[in-house]
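Let me begin by presenting the structure, written as structure tokens, before commenting on it.
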Amino acid sequence: MNTQEIEKKAEFLRQQLGGLIFAFPINEEDPYPRYAVTL
């Protein structure tokens with residue numbers, strides 16, 4: 001997914017589930033980290 005698709009999916013989830021969406025890197029030292037997402 002590109003950034004625009006991710007933002008659209010996040011907005012859809014926010015509308016469906018409510019609350020805030022937080023995303024943060026699992027490993028901050030990795031230049032291409034995976035991210036954890038929580039509501």
Side-chain angles (χ1 to χ4, degrees):
M1 276 190 206
N2 65 33
T3 302
Q4 188 175 21
E5 291 171 330
I6 293 168
E7 289 173 353
K8 285 182 182 180
K9 180 70 173 181
E11 179 61 23
F12 173 77
L13 290 172
R14 187 189 67 75
Q15 289 177 0
Q16 295 298 311
L17 302 173
L20 298 174
I21 297 173
F22 295 94
F24 52 91
I26 295 172
N27 181 359
E28 293 182 4
E29 295 177 9
D30 184 351
Y32 303 103
R34 293 183 177 191
Y35 282 80
V37 176
T38 186
L39 296 170

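Start at 1 with the first residue, then count along the sequence. Since this is a predicted model, take the numbers as computed values, not measurements.
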- [ ] Tell me, please, which residues at least two apart from Glu29 pass side chain to side chain contact (heavy atoms under 4.5 Å, CB included).
- [x] Asn27
Open item on the list: Using a 6.0 Å cut-off, check whether atom CD of Gln4 has over 12 heavy atoms from anything other than its own residue.
Closed with: no
- [ ] Return the set of residues passing side chain to side chain donor-acceptor pair (under 3.5 Å) with Gln16 (not counting sequence neighbours), or none when no residue passes.
- [x] none
Open item on the list: According to side chain to side chain contact (heavy atoms under 4.5 Å, CB included), who are the partners of Ala36, at least two apart in sequence or on a separate chain?
Closed with: Phe24, Ile26
